[in-house]
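By convention in this document, chain letters (A, B, ...) are assigned in the order of the sequence lines, proteins followed by strands, and residues within each chain are numbered from 1.
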Amino acid sequence: MQRMARYKEVIGQMLAAGTAYHCYTSIEALDALRAEQEANKEKPRYDGLWRPEPGKTLPAIPPGLSPVVRFRNPAAGVVAWDDLVKGRIEISNAELDDFIIARADGTPTYNFCVVVDDWDMRISHVIRGDDHVNNTPRQINLLQALGAPVPRYGHVSMILGDDGTKLSKRHGAVSVMQYDENGYLPEAVLNYLARLGWSHGDEEIFSLEQFVEWFDLDHITASAAQFNTEKLNWLNAHYIKLADDARLGGEIVRRLAEEGVTVTAGPDPALIAALYKDRVVNLNELADCAHPFYAAVHPSEELAAQHLTAAAKAALADLRGRLAGVEWVAAELAKVLKETLASTGLKMPQVAIPLRVALLGQPQSPAIDRVLAVLGRDEVLKRLERLV
RNA sequence: GACCCUAUCGUCUAGAGGCCUAGGACAAUACCCUUUCACGGUAUGAACCGGGGUUCGAAUCCCCGUGGGGUCGCCA
């Protein structure tokens, strides 16, 4: 705490001015008091034993006990402010007790420090979470006792978890880094969070620049909002479609590396990004899609039994024969595929699906000619030979 | 328990007394597209928490109730 000297200075001034006083009630005595008040269903609060009043005789100072310093909160009246998001809020001083501004060891407490800091830094606007509204009247009273200007306050509501309950470590991300790990693009997270609890007419999708331009305190919702992963997913899918292939390729590399998969021997990751970007919801899914392009594929027994039938294998063998000399571009590969259909008398899905299983270990994929083009001649022939 | 905040489709929200037969988006459902699965397109269903006021007129203002959230530390 580099500002300790300043805090002590202010505390000294308040003691001298009579806006603060020493209190010798021990922690144990305070605990007992609280317990008693709770038992009586009263609001737990300091009883004002050491608060100086005109004509009041204070108890004898107990020996060997260091006092805390308490703020002498106004006894009557109300403290009110026009909250930038919630409107006028009034709280009766009778609800506020004399809170501690310096502990027995002399260190100042939070509510005191922030007030002195705000004052020294000439803070004009305090925008913070809802959970601070109850601190605001104390801080305003302190500021006024100090003769300091009172900033404008705006209290933004809390975000609830997907299930409507309070956000916790168990559900909902606590750290923004969690979103990266879960495959979310930063622009999607920003857009989603911006739109949660704030609006600009019917706009759903906007850039950082637009957000900066449009944002205002007037359109912040006063009530708590529930987090909705599905909508975040939708935005994420949207931004993935927009993202540059090379950037997405980089994400594939990074995420595959965490699984111990290297891409150096396989196709350019940007090509795979182009192939899959408009069908995935997050970057981890994208990496999963890319996986079979860089690692050996082993179709499950169930898939093999279902799709790699004798007829299918014959068709794949036919195709393999035609693949050897063809120009390796999607359009030409599609022609070759049609030749196989003609010669075997099968329909497209009857060949394409076994081909997907053989090549990627999955019965679904983007257009098969594009997959072939990206996978590459050598790898395609190698994988077909192993199975057929 | 006390005090404070809050309340429109399942969810995020538009709405600042008449423009509201309540708009948009996600999700849902149906159909279309399709070489599979997705993507995409089109369409449909879906809400003003309840009760009292105020007013010619209320989703919008006031009161009460109820629900939800927050705070009650020599924590921050």
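Here C12(B) presents its P atom at 17 Å from CG of N191(A), a figure rounded to the nearest Å. Protein atom CD1 of I91(A) is 7 Å distant from nucleotide atom P of C5(B), rounded to whole Å. When the P atom of U71(B) is taken as reference, atom NZ of K86(A) falls 12 Å away, rounded to whole Å. Rounding to whole angstrom units, CG of residue N134(A) and P of G70(B) are separated by 12 Å. Atom OH of Y110(A) and atom C1' of A76(B) are 6 Å apart (whole Å). Between R88(A) atom CZ and C5(B) atom C1' there is a gap of 16 Å when expressed in whole angstrom units. Rounded to whole Å, atom P of A76(B) lies 14 Å from atom CD1 of I101(A). We find that CD of Q362(A) is positioned 20 Å from P of U35(B), with the value rounded to whole Å.
Contacts of N233(A) with the nucleic acid, taken as non-hydrogen atoms under 4.0 Å apart, are absent. Base engagement by I368(A) is indicated by at least one non-hydrogen atom pair under 4.0 Å involving a base atom. Residue G197(A) is classed as a sugar-phosphate contact, given heavy-atom separations below 4.0 Å to backbone atoms only. Heavy atoms of N111(A) sit under 4.0 angstrom from at least one base atom. Across all strands, A222(A) comes closer than 4.0 Å only to sugar-phosphate atoms, never to a base (heavy-atom distances). When heavy atoms are screened at a 4.0 angstrom cut-off, P137(A) is found touching no nucleic acid atom at all. D369(A) comes within 4.0 angstrom of a base, heavy atoms only. Residue S66(A) is classed as having no contact, given no heavy-atom separation below 4.0 Å to the nucleic acid. The residue K347(A) sits apart from the nucleic acid: no heavy atom pair falls under 4.0 Å.
Nucleotides of RNA chain B nearest to I353(A) and L232(A) differ in position, and the one nearer the 5' end is that of L232(A). Ranked by how close their nearest RNA chain B nucleotide is to the 5' end, A224(A) and R356(A) are led by A224(A).
Taking both residues in full, the closest heavy atoms of A373(A) and A330(A) are given as CB-N, 4.0 Å, listed atom of the first, atom of the second, then distance. M4(A) approaches P108(A) most closely through the heavy-atom pair SD-CD, 3.5 Å. When all heavy atoms of A273(A) and L248(A) are compared, the pair lying nearest together is CB-CB, 3.6 Å.
Residue R195(A) places none of its side-chain N or O atoms closer than 4.0 Å to OP1 or OP2 of U11(B). Put simply, T221(A) has a side-chain N or O that comes within less than 4.0 Å of OP1 or OP2 on U13(B). At the phosphate of C4(B), neither OP1 nor OP2 sits under 4.0 Å from any side-chain N or O atom of R138(A). Put simply, K231(A) has no side-chain N or O that comes within less than 4.0 Å of OP1 or OP2 on U13(B).
Nucleotides U71(B) and C75(B) have their C1' atoms positioned 14 Å apart, rounded to a whole Å. With P as the reference atom, U21(B) and A58(B) are 12 Å apart, rounded to whole Å. Spacing of C1' atoms, A46(B) relative to A27(B), comes out at 11 Å, to the nearest Å. Rounded to the nearest Å, the gap between the C1' atom of A7(B) and that of A59(B) is 12 Å. Distance check on atom P: A43(B) versus C48(B) gives 25 Å, rounded to whole Å. Taking atom C1' in both C4(B) and G41(B), one finds a spacing of 49 Å when rounded to whole Å. A distance of about 12 Å separates the C1' atoms of G18(B) and U55(B), rounded to the whole Å. Taking atom P on both nucleotides, C72(B) is separated from A76(B) by 12 Å, rounded to a whole Å.
At a cut-off of 3.5 angstrom, the base of G24(B) holds at least one donor-acceptor pair with the side chain of E204(A). No N or O donor and acceptor, one from the side chain of D130(A) and one from the base of G69(B), sit under 3.5 Å apart.
Relative to the side chain of A225(A), the nucleotides U13(B), C39(B), G24(B) differ in distance, and U13(B) lies closest. Considering only the side chain of M158(A), G70(B) comes nearest among U6(B), A76(B), G70(B). Out of C26(B), A25(B), C74(B), the shortest distance to the side chain of R34(A) is found at C74(B). Nearest to the side-chain atoms of P44(A) among the listed nucleotides C74(B), G73(B), A76(B) stands G73(B). Listed nucleotides U36(B), G68(B), A76(B) differ in distance to T109(A); the shortest reach to its side chain belongs to A76(B). Side-chain proximity of E95(A) to the nucleotides A2(B), U6(B), U11(B) is greatest for A2(B). Considering only side-chain atoms of D278(A), the nucleotide from U13(B), C39(B), G24(B) that sits closest is C39(B). Minimum atom distance to the side chain of S199(A) is reached by A14(B), of the listed A14(B), G1(B), A27(B).
Between atom CG of residue N191(A) and atom NE2 of residue H238(A) there is a gap of 7.5 Å, rounded to the nearest 0.5 Å. With rounding to the nearest 0.5 Å, the separation of CG in L185(A) from CG in L232(A) is 11.0 Å. Here the CG-CZ distance, from L208(A) to F206(A), works out to 10.0 Å after rounding to the nearest 0.5 Å.
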task: Go through the steps to decide whether D117(A) and R6(A) satisfy the test salt bridge (Lys or Arg N to Asp or Glu O under 4.0 Å), and finish with yes or no.
output: CA-CA 10 Å; D117(A) 290 349; R6(A) 165 96 255 239; over 6 Å; no
query: Run the ring-ring contact (aromatic ring centres under 6.0 Å, His included) check on F227(A) and Y192(A) step by step: do they pass?
result: CA-CA 9 Å; F227(A) 195 93; Y192(A) 178 72; 5.0 Å; yes
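Residues D318(A) and V351(A) have side chains not in contact (no heavy-atom distance under 4.5 Å, counting atoms from C-beta outward).
The partner of C3(B), taking Watson-Crick or G-U wobble pairs whose two distances both stay under 3.5 Å, is G70(B). Partner assigned to A16(B) is none, using Watson-Crick or G-U wobble distances below 3.5 angstrom. A 3.5 Å limit on both hydrogen-bonding distances identifies C32(B) as the Watson-Crick or G-U partner of G40(B). With a cut-off of 3.5 Å on both Watson-Crick or G-U wobble distances, the partner of U60(B) is given as none. Partner assigned to G45(B) is none, using Watson-Crick or G-U wobble distances below 3.5 angstrom. U54(B): no Watson-Crick or G-U partner with both key distances under 3.5 Å is found in any strand.
For the pair R138(A) and F71(A), the cation does not sit on the ring face, since its NZ or CZ is not both under 6.0 Å from the ring centre and inside 45° of the axis.
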